[in-house]
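Every value quoted in this text rests on a predicted model; they were computed, and no experiment measured them. In what follows, chains are A, B, ... by sequence order, proteins preceding strands, each numbered from 1.
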2 protein chains.
Amino acid sequence: MQNRVLLVEDDDELRQLLARYLTNQGFSVREAATGNDGLSLARGQNCDIVVLDIMLPDISGLDVLRALRAETHLPVVLLTARGDETDRIVGFEVGADDYIPKPCNPRELVARLQALLRRIAWDQAVDLDASRTYGDLRVEPAHRRIYQDDVPLELTATEYEVLQVLLAHAGSVVRKTDLMQWALGRRLEAHDRTLDMHISNLRKKLGNDDPPRIETVRGLGYSYRVPA
Amino acid sequence: MQNRVLLVEDDDELRQLLARYLTNQGFSVREAATGNDGLSLARGQNCDIVVLDIMLPDISGLDVLRALRAETHLPVVLLTARGDETDRIVGFEVGADDYIPKPCNPRELVARLQALLRRIAWDQAVDLDASRTYGDLRVEPAHRRIYQDDVPLELTATEYEVLQVLLAHAGSVVRKTDLMQWALGRRLEAHDRTLDMHISNLRKKLGNDDPPRIETVRGLGYSYRVPA
DNA sequence: TTTTCCTTTGCACAACCTTTACACAGCACT
DNA sequence: AGTGCTGTGTAAAGGTTGTGCAAAGGAAAA
């Protein structure tokens, strides 16, 4: 169950050093010293992640990456001698997942490889219940909806954002300036009643309970009453 | 419609600089100046990715990350002044997806954010070669056809792509910009109504049900109504 | 060429965010 | 109680933005 790394690097000494370190860290390592070798090994589909030097004797690592991206989404970490910033940007644009400047600390390389593999594992595990419940309300970010007793509320985009923030802070007071910043994405100016309007509309849609679910804290902001 | 970044950084000047740059690059930005604010906002599930400074006035960015990881797999990029290698390793071990030392080039930050978001999109993409069924619709990638109650729909190439992407994400909202990228293979420019046209045509071919199978999520994109 | 399809253009319309306006509630001070 | 200030509730009007769709223009395939 160990991860298989394909290491494409022309400098024999460095490649063997890294290969040994990666092996010690529990990876199974395939090595290639040229771009073409690397490309055919990667195409073989028998590795989980590729570490790819950019400076190679035959074809550039960037071209190898381009060729790979034309057919797969195999994770690729670029490795390169001191990076001009533009180089890095290009690397990412071509489809790299990470970019590590040489000389690199092997520990950091391993940490980054593991972070990338972990990310992939997370993404592929069905990450459903990101939904949260507050009393009779249920927030479902995937649908961008909030359900009250399993009935979806007909909220506008802004209303959704506002209620979302209030729920995330359920039980404590959210200052108007923060609510404005977080839900509306701009600063609260004097005499701006926009927020009050959205709160008013939200209360209506939530059923105008008494006492209201969204409490007013005069001079401060609003607070969603924590469910009993 | 655009990716939402949560920027947690206490240095007002730097935060505003980055926020402005990210906005210009097409992100929608939410800001927090403290760890606690950042944590509540991230919990609110109203962002796609988090940029997190480690040095914060109240609680350490690492603790914020730990708390987040206890409940979500939200992508997190750490940002820090100290370049100590051990710090980086710790950051990754706690669950960071990337680690950028300050002072960071905003262009590189954006490139890394986009690489991470792209990786997630790739990972979550459904196996496009398997045939799938959604209610009365059946996608058969081998023939590039979609059947409604076993009767093939007369779709054009683009319509097939659009519907297929919507189905692959059935039940959740697909942003217009993503739909454009995945189905049409190019970026969504301002005033480009192409997608709206294809949606309109698709709805017609699907029978113009009411409520429509392809729901409009104003300001965001479209969503295929998950079959009961 | 003809046909099919993709894209652009233009207009109408709907959704919705914001402003305006006024009424009223809370609070401090007389 | 009365007065005035400040902050809030909400209806209605105003303005902006996003969307639906027909029709025409182009581009690509047949």
Side-chain angles (χ1 to χ4, degrees), chain A residues 144-145 152-166 173-177 179-224, chain B residues 1-2 26 28 144-146 153-166 173-223:
Chain A
R144 212 146 207 287
R145 282 222 184 92
L153 291 169
E154 299 284 336
L155 302 181
T156 69
T158 308
E159 284 161 5
Y160 173 87
E161 291 292 342
V162 172
L163 183 51
Q164 168 96 339
V165 172
L166 287 176
V173 181
V174 182
R175 281 188 299 264
K176 279 180 120 175
T177 98
L179 191 48
M180 193 69 181
Q181 187 66 58
W182 297 338
L184 284 282
R186 59 172 206 235
R187 285 240 295 274
L188 177 62
E189 307 290 343
H191 305 111
D192 189 335
R193 313 296 313 286
T194 307
L195 209 43
D196 307 59
M197 275 315 304
H198 289 299
I199 294 287
S200 170
N201 293 331
L202 268 176
R203 282 178 173 151
K204 227 179 295 178
K205 293 188 181 179
L206 283 171
N208 259 331
D209 311 57
D210 191 59
R213 290 153 176 263
I214 302 179
E215 292 177 59
T216 302
V217 182
R218 191 185 161 84
L220 256 183
Y222 298 94
S223 153
Y224 187 86
Chain B
M1 189 113 108
Q2 41 192 351
S28 136
R144 288 183 70 82
R145 281 230 180 87
I146 298 179
L153 291 168
E154 298 285 337
L155 303 180
T156 68
T158 309
E159 284 162 5
Y160 170 85
E161 290 296 338
V162 172
L163 183 52
Q164 178 265 339
V165 170
L166 285 175
V173 181
V174 182
R175 294 198 197 90
K176 279 180 120 174
T177 147
D178 292 339
L179 190 48
M180 192 69 181
Q181 190 65 60
W182 297 337
L184 284 283
R186 56 170 208 235
R187 287 186 45 181
L188 177 62
E189 307 289 342
H191 306 113
D192 189 335
R193 314 296 310 286
T194 308
L195 211 42
D196 307 56
M197 277 315 304
H198 290 299
I199 294 287
S200 172
N201 294 332
L202 268 175
R203 280 179 174 151
K204 229 177 294 179
K205 293 189 181 179
L206 283 171
N208 259 331
D209 311 57
D210 190 58
R213 290 153 176 262
I214 302 179
E215 290 179 68
T216 302
V217 182
R218 192 189 161 86
L220 256 183
Y222 298 94
S223 155

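An angle of 30°, rounded to 10°, separates the two end axes of the helix from C:dT1-D:dA30 to C:dT30-D:dA1, each defined over five pairs.
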Kindly give the atom pairs (protein nitrogen or oxygen, nucleotide nitrogen or oxygen) under 3.5 Å for nucleotides 21-24 of chain D.
residue : atom : partner  : partner atom : Å
D:dC21  : OP2  : B:Ser200 : OG           : 3.2
D:dA22  : OP2  : B:Lys204 : NZ           : 3.4

When you compare the protein's N or O atoms with those of nucleotides 2-4 of chain C, which come within less than 3.5 Å of each other, and at what distance?
none

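In B:Arg203, the CZ atom is crowded: over 12 heavy atoms of neighbouring residues, nucleotides or ligands sit closer than 6.0 Å. Under a cut-off of 6.0 angstrom, the local environment of CZ in A:Arg175 is sparse, with at most 12 non-hydrogen atoms contributed by other residues, nucleotides or ligands.
Between the C1' atom of C:dC6 and the CD atom of B:Glu161 lies a distance of 14 Å, rounded to the nearest Å. In this structure, the CG atom of A:Asp192 is 15 Å from the C1' atom of D:dT10, given to the nearest Å. Look at CZ on B:Arg144: it is 13 Å from P on C:dC5, rounded to the nearest Å. Summarising the geometry, the separation between CG on B:Leu155 and P on C:dC5 is reported as 10 Å, rounded to the nearest angstrom. The nearest whole Å value for the distance from the CD atom in A:Glu159 to the C1' atom in C:dT18 is 13 Å. We find that NE2 of A:His198 is positioned 10 Å from P of C:dT19, with the value rounded to whole Å. The separation between B:Leu188 atom CG and D:dG18 atom P is 11 Å, rounded to whole Å. Protein atom CG of B:Leu153 is 14 Å distant from nucleotide atom P of C:dC5, rounded to whole Å.
The shortest heavy-atom contact between A:Val173 and A:Ser223 is CA-CB, 3.9 Å.
Using a 4.0 Å cut-off, some side-chain N or O of A:Tyr222 falls inside it from OP1 or OP2 of D:dG9. Contact annotation: B:Thr216 does not reach the phosphate of D:dG18 (side-chain N/O to OP1 or OP2, under 4.0 Å). A sub-4.0 Å separation between OP1 or OP2 of D:dG18 and a side-chain N or O of B:Lys176 is absent.
Shown are B:Arg186, B:Arg187, B:Lys176; of these, the salt bridge (charged side-chain N to carboxylate O under 4.0 Å, His left out) with B:Asp192 is made only by B:Arg186.
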Assess whether salt bridge (charged side-chain N to carboxylate O under 4.0 Å, His left out) is satisfied between B:Lys204 and B:Glu159, documenting all intermediate values.
-> CA-CA 11 Å; B:Lys204 229 177 294 179; B:Glu159 284 162 5; over 6 Å; no
Start with the C-alpha distance between B:Leu184 and B:Val162, add both sets of side-chain angles, then the distance that settles side-chain contact (heavy atoms from CB on, under 4.5 Å), and finish with yes or no.
-> CA-CA 8 Å; B:Leu184 284 283; B:Val162 172; 4.0 Å; yes
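One finds a salt bridge joining B:Glu215 and A:Arg145 here, because a Lys/Arg side-chain nitrogen approaches an Asp/Glu carboxylate oxygen to under 4.0 Å.
In this structure, B:Lys205 contributes its side chain and B:Glu154 its backbone to a donor-acceptor pair below 3.5 Å.
The shortest distance between side-chain heavy atoms of B:Asp178 and B:Leu188 does not fall below 4.5 Å.
Put simply, NE2 on A:His198 and CD on A:Glu161 are 11.0 Å apart, with the number rounded to the nearest 0.5 Å. Note that the CG atom of B:Leu179 and the CG atom of B:Leu220 stand 12.0 Å from one another [nearest 0.5 Å].
Each of C:dC6, D:dT6, C:dC17 was ranked by its minimum atom distance to the side chain of A:Arg218; first place goes to D:dT6.
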